[in-house]
Amino acid sequence: MSNAPVQKKSAKPENKYRGTLNLPKTSFPMKANLVQNEPNSVKRWKKMKLYERLRELGKDRPRFTFHDGPPYANGSIHLGHVLNKTLKDLVVRSRTMMGFDTPFVPGWDCHGLPIEHRVVSDLVESGKIEKIKSLDDDARKSAIRSECKRYAQKQVKLQAGELERLMTLADYDAPYLTMAPPFEGAVLDALATLVEQGLVFRALKPVHWSIANETALAEAELEYQDREDLSVYVDFEAVDAAAVYAAFGIDEAARTDRDLGQTPSFMIWTTTPWTLPANLAIAVNTRFEYSLVQVDGNVTVLASELLEKVTKAAKAEQVEVLATAKGSALAGLHYRHPFVEAAPKPLGEPDADTSTCYTVVEAEYVTLEDGTGLVHTAPGHGADDFQTGDRVGLPVYCPVRHDGTYDETVPEWLRGLDIWDANEQITDRLRSSGHLFYSHRFMHSYPHDWRSKTPVIFRCTEQWFIGVDVPLERAGKSLRDLALDAVATGVGFVPEWGRNRMRGMVETRPDWCISRQRSWGLPIPAFFLPDGQTLMTAAVVRAVGTLIREQGSDAWFKGTPEELLVHYDMDDDPDIEDGLRTSLRGSGFAVLTKGPDILDVWFESGSTWNGCMRERIGDDGVPVELYLEGSDQHRGWFQSSLLISLGVTGKPPFRAVLTHGFMVGKDGKKLSKSAGHTVGDLFKLYGADVIRWWVCSLSYENDMKVDDEFFKLAGESYRKVRNTLRFMLSNLADFTPGTPGCDDGHCVSTADMPATSIDSWALAAYDALEKDVIGAYERYDFRAAHSLLYDFCNDTLSSVYLAAVKDRLYCDKIDAPRRRRTQTVLWDITDGLSRLLAPILPHTADETWRALHRVDPKDIERSVHTETFLSAGRDRAFDATADERWAKIMQLRDAGLLALEKGKSELGVENPLDAGLTLPNPDGLLDGFDVLDLADLHGVSRVELDATAAAPVLIDLRNEPRCDRSWKRDGTVKARADGGMLSDRDADAVGQTA
RNA sequence: GGGCCUAUAGCUCAGUUGGCUAGAGCGCGCCCCUGAUAAGGGCGAGGUCACAGGUUCAAGUCCUGUUAGGCCCA
């Protein structure tokens, strides 16, 4: 505190007129008590069947098709869900109130590894797994599946409850679940069409392989974590020393001259020594320059540019460059594997051609970023390597078994060894045999299984793929081409840069591996003949799909091939090969075995446009107007949905794609999982409306910072809005709309409202607000809507209009026309505002609207949420016309307030009601305006106009009499018969005419 | 390592196709009101536009690089 003497305010003047005022009165509480009251709103909406009611109302309205991307059914919702689902709800509710029928079916992704992993862990913990382990394959899978199903159902219920608490409006009575039989049938229908289009094939490919879960993983199932690995530089000795020297321009004579007796080596670098047994080639870039160097007595080859870096790191003492050559000169040279005698043949392929092995080959992807410029190539363990091997004709050699141990094709000392243990052993072996130039431990970012958190390896296995570069039967174009076309022109992106991002991803994405080796999922309905031939035509997939639609995918694990193929007619299948048909005709389906693979869950979620929208909403449910998810879904759901839809229908499943960023901590860094409150805590601490108000204020296109403090701030700003609404309600206690002259739904008769009145100004400001807010909702610019609404409440209403009309509301006679006119406007604005706020603050808006309309608390039928925005279906909410000079007058007001402030300090006038203002009136700017309005607008006692003044000037009225009732010094104040000092207006109001 | 994105006041963000003294809200400071009162109002102070170069008559805005951060991939 300052040390100025504290002056006691003189006691308030006696308030004998207080009882004659129309002071605000309301039961609408200042304290929202959201935590207690929101659940009651939720209950009421449930009871009134709000969702169904809206569908009924929407029957004749245009439809806005919107679609929920299914969250994974696991665990309580977190902030990411809150963000995503609130944004979706803003779309649903705002479009509904614009007058669209906006059905919204919530969905859950139910199959997949995370649930299976969790369930199996629980089974292990409880000991039940032992019993299950002893069962045969199908029975074991069925047992695990039934546990998974139960678990998933529980999770769906949990999350749905939390989302209802968040007050999101959706068909929670009938969500779509990817594990529901009809949905499964729809997924297989989509798969069948892709098979028909020739896009589905089985191939050996290196895939990300989780050793812990013994399954191939999708890109989306990987997460990158730091890991310490061994980085090794290994010398691979050349077979023909002379050829290498020759490649570097050193002929035999020169070699003898320079006493170069040693056989040179090729130095490669790898961070996965365990893949060295599978090395079949060394790749160089033809454009780079390579050096033949003598390093501490050894002669070796590496890229010139990396020479210094590598030798320095290894602390080599003597480094001498003997010669240099282009990479192209090295191609074709042969080398000896440091510990494998003869090029190995893959297991079960005794006839494999190994003649091209152990050769230096060319590859574009070789860079000078790391390593030596000579790249260790193991086609069985890397995507690039696989491609190179494919190109130069190397066998696909993968000596690592599904459990992460070596098979018997490797040297004896490695057989059966775990690959992670092999890293050390191989390095030691190389060191002792003199092949290791240098090794060190280092940290790098490495892909991990998102579930088990264990490192993932590349490993070749037989998998089902969707080819993205295979031309479709129907279109002649590949999925990649179709997708690139769609991204370029067929789809809208919010924000626009999503287009670039997605194009980049579509351009570079590999074929889609759609098979998984697990239990909890939708089976890929493939059958195998004893000789290994595969039966999976479109008709087979459809037939099994029909069965699964009836009985669910459990049927696959319980039925025999004959039972599963009851709907399949071989003679009616145009795609089955004749040989296969003949053979099956002889043997019957009994000889078939069921394929062991289930579908990638991304294929299921990528089919929701079909399984949910087309099946539930109808044929006009697709294409969906908007998909709305986090920006990680450019690679995930957006892309899987796009590819499947293009493959099946030839069209994208969505017209536009909206992405939001991610929650980060206060410091802008990734949110740590343990930090901060749970969503449940947030509901208890702040209430859903405050959380939604906060979400609405975010610029969702980038990262968004979260912190407890931000929720507190949102709470404060929510309270400001609430208070504004409350104040308006409190001034409507004695007002009933629907008096004569009122028209449909609201009660203002604009004809009686002069364009120069402040009421017209306010109503016109509301009109403008509604237009802007709806525009913002249409653009999904919720942040703009939020700030428009906030500013309107604070600025237009609280600071300007409500401040100005207080005097007439309190002091005018209760039914004075001027007062009633203002109340009419207040009523209309409150009505309109509660509608505009309804998408953001479902509880508070409904509370306000019901209070305004005096809905009986027991009446559950009426709600703002079955209303529309006032302007829905027409031009404007009200046909208010404000005089166009108002904009200038508001500028003048700012100058007036400044003059008041100046007067305060210069003249010591503290209370604005002790002052009047002389306002400049050039060119009749203020002609036709009510000086009483103008005075109230500045909060002063009176206003005088001066055509010649340049700026507002304060008039000191401290010596003029003050009205005991209105506290104004308006020039009409005088002593009245009752002994009070009253202005004419106040005297009239209290019946003192004398 | 690559692709996409972000960096403006203490905080959260605006800032159109380059063009006035870079704006708003919150917070902060001072003041008013006490008839919206665990409310309301007025005024004010805050910025080397991440950093370093470049293009231009002119750069927060365009280009290059650096740093920090996010998503996706390798």
Side-chain angles (χ1 to χ4, degrees), chain A residues 2 9 12 15 17-19 21-26 28 30-31 208 219-220 222-224 365 367-370 382-384 444-447 458 495 497-505 507-510 630-636 639 659-671 694 697-699 701-705 707 709-710 712-714 716-717 719-720 722-731 783-784 786-787 790-791 794-795 797-800 802-804 806-807 809-811 893-894 896-898 900-902 904-905 909-914 938-939 965-967:
Chain A
S2 77
K9 281 256 172 208
K12 268 183 274 171
N15 248 333
Y17 294 108
R18 196 171 199 275
L21 296 169
N22 313 302
L23 290 181
K25 192 180 140 191
T26 181
F28 189 91
M30 186 177 275
K31 192 167 165 12
H208 289 288
E219 292 86 5
L222 302 177
E223 61 182 38
Y224 286 76
Y365 56 80
T367 68
L368 296 172
E369 302 291 345
D370 278 307
D384 286 340
H444 63 154
S445 159
Y446 190 86
F458 255 105
W497 52 255
R499 192 184 304 279
N500 266 338
R501 185 174 156 92
M502 194 147 166
R503 188 188 55 224
M505 288 175 172
E507 271 168 357
T508 57
R509 74 153 297 145
S631 59
D632 54 339
Q633 302 303 337
H634 282 125
R635 181 165 289 267
Q639 205 175 130
T659 52
H660 55 76
F662 285 76
M663 297 289 181
V664 295
K666 201 184 176 178
D667 53 0
K669 294 195 182 159
K670 207 189 190 74
L671 214 49
W694 169 74
S697 76
L698 300 169
S699 33
E701 46 281 293
N702 299 319
D703 302 331
M704 292 145 285
K705 292 181 180 174
D707 192 75
E709 180 197 339
F710 299 149
K712 288 188 185 125
L713 290 173
E716 303 228 334
S717 113
R719 246 165 275 139
K720 295 268 262 183
R722 182 179 180 86
N723 264 321
T724 303
L725 294 168
R726 176 175 181 268
F727 183 64
M728 293 195 288
L729 289 170
S730 71
N731 280 292
R783 189 187 147 73
H786 168 99
S787 98
Y790 181 74
D791 288 349
N794 275 288
D795 196 30
L797 291 178
S798 196
S799 158
V800 182
L802 298 179
K806 268 186 200 177
D807 172 77
L809 288 168
Y810 298 171
C811 303
R893 176 176 180 269
D894 290 339
L897 291 175
L898 227 49
L900 267 172
E901 207 56 32
K902 212 172 122 204
K904 257 188 190 171
S905 55
V909 178
E910 290 195 322
N911 189 333
L913 286 177
D914 290 340
H938 294 85
R965 187 165 177 271
S966 69
W967 303 334

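Labels below follow one simple rule: chain letters A, B, ... track the order of the sequence lines, proteins then strands, and each chain is numbered from 1. Scope of the values below: all heavy atoms of this structure, side chains included, with no hydrogens, waters or symmetry mates. Keep in mind that this is a model prediction, so the values were computed, not measured.
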Point to revise | d(CG, Leu802(A); P, G35(B)) in whole Å | key: 18 Å
**Study point:** Whole-Å C1' distance, C63(B) and A59(B)
**Key:** 11 Å
**Study point:** Aromatic ring pairing His660(A)/Phe662(A), orientation class (parallel under 30°, perpendicular over 60°, tilted between)
**Key:** tilted
Review point. The side chain of Arg18(A) lies closest to which of these nucleotides: U12(B), G35(B), A74(B)?
Key: G35(B)
Practice item. In whole angstrom, give me the gap between the P atoms of U64(B) and U6(B). Key: 14 Å
**Study point:** Whole-Å distance separating the NZ atom of Lys904(A) from the C1' atom of C31(B)
**Key:** 5 Å
Review point. Say you pick atom P in G10(B) and the same atom in C51(B); how far apart are they, in whole Å?
Key: 13 Å
Review point. If pairing requires Watson-Crick or G-U wobble contacts with both distances under 3.5 Å, which nucleotide is the partner of C28(B)?
Key: G44(B)
Point to revise | Closest to the Met505(A) side chain, choosing from G3(B), G40(B), U12(B) | key: G3(B)
Check your understanding: Using atom P of each nucleotide, how far apart are A7(B) and A38(B) to the nearest Å?
Key -> 42 Å
Check your understanding: What nucleic acid atoms does Ser730(A) come within less than 4.0 Å of, heavy atoms only: base, sugar-phosphate, or nothing?
Key -> nothing
Check your understanding: So what's C33(B) paired with, Watson-Crick or G-U wobble, going by both distances under 3.5 Å?
Key -> none
Check your understanding: Quick one: which of G41(B), C71(B), A38(B) gets closest to the side chain of Met30(A)?
Key -> A38(B)
Review point. In whole Å, what separates the C1' atom of G46(B) from that of G27(B)?
Key: 11 Å
Review point. Looking for any heavy atom pair under 4.0 Å, which part of the strands does Pro912(A) touch: base, sugar-phosphate only, or nothing?
Key: sugar-phosphate
Practice item. Can you tell me the pairing partner of C71(B) across any strand shown, Watson-Crick or G-U wobble, with both distances under 3.5 angstrom? Key: G3(B)
Study note, to complete from the structure: Separation of G70(B) atom C1' from His634(A) atom NE2, nearest Å, is 14 Å
Check your understanding: What's the OH-C1' distance between Tyr810(A) and U37(B), to the nearest Å?
Key -> 11 Å
Practice item. Compare the minimum distances between each of C5(B), C43(B), C73(B) and the side chain of Leu897(A), then state the nucleotide with the smallest one. Key: C43(B)
Check your understanding: With rounding to whole Å, what would you report as the distance between C73(B) and C57(B) at their P atoms?
Key -> 46 Å
Review point. In whole Å, what is the span from the CZ atom of Arg726(A) to the C1' atom of A38(B)?
Key: 11 Å
Point to revise | C1' atoms of G47(B) and C33(B), separation to the nearest Å | key: 33 Å
Could you list all N or O pairs between the protein and nucleotides 65-69 of chain B that sit under 3.5 Å apart?
from   : atom 1 : to        : atom 2 : distance (Å)
G69(B) : O2'    : Gly668(A) : O      : 2.5

Exercise for review: Please examine the side chains of Lys705(A) and Lys666(A), heavy atoms only from C-beta on, and report whether any two atoms are closer than 4.5 Å.
Suggested key: no
Study note, to complete from the structure: Between CZ of Arg965(A) and C1' of G35(B) the distance, given in whole Å, is 11 Å
Practice item. Find the partner of G19(B): check Watson-Crick (N1-N3 plus N6-O4 or O6-N4) and G-U wobble (N1-O2, O6-N3) distances, both under 3.5 Å, and reply none if neither fits. Key: C57(B)
Point to revise | Selected nucleotide, minimal atom distance to Phe662(A) side chain, candidates G70(B), G40(B), G35(B) | key: G70(B)
Check your understanding: What is the distance, rounded to the nearest whole Å, between atom CG of Asp632(A) and atom P of C73(B)?
Key -> 9 Å
**Study point:** Heavy-atom pair of closest approach, residues Thr659(A) and Gly630(A)
**Key:** CG2-O, 4.1 Å
Exercise for review: Anything under 30° is parallel, anything over 60° is perpendicular, the rest tilted; go ahead and classify His208(A) against Phe458(A).
Suggested key: tilted
Exercise for review: Would you mind pulling out the nucleotide paired to U64(B), Watson-Crick or G-U wobble, both distances under 3.5 Å?
Suggested key: A52(B)
**Study point:** Met663(A) CE to C71(B) P, straight-line distance once rounded to whole Å
**Key:** 13 Å
Exercise for review: With C1' as the reference atom in both, quote the distance from A24(B) to C62(B) in angstrom, rounded to an integer.
Suggested key: 26 Å
**Study point:** Qualifying residues under salt bridge (charged side-chain N to carboxylate O under 4.0 Å, His left out), relative to Glu901(A), sequence neighbours excluded
**Key:** Lys904(A)
Practice item. Any chance you could list the contact pattern along nucleotides 23-30 of chain B? Use B for base contacts, S for sugar-phosphate-only contacts and - for none, protein heavy atoms under 4.0 Å, 5' to 3'. Key: --SSS---
Check your understanding: Which is true for Lys705(A) with a 4.0 Å heavy-atom rule: it touches a base, it touches only sugar-phosphate, or it touches nothing?
Key -> sugar-phosphate
Point to revise | Side chain of Leu898(A) (C-beta onward), nearest among A74(B), C31(B), C43(B) | key: C43(B)
Review point. Would you say Trp967(A) stacks on G35(B), if stacking means ring centres under 5.5 Å apart and planes within less than 30 degrees?
Key: yes
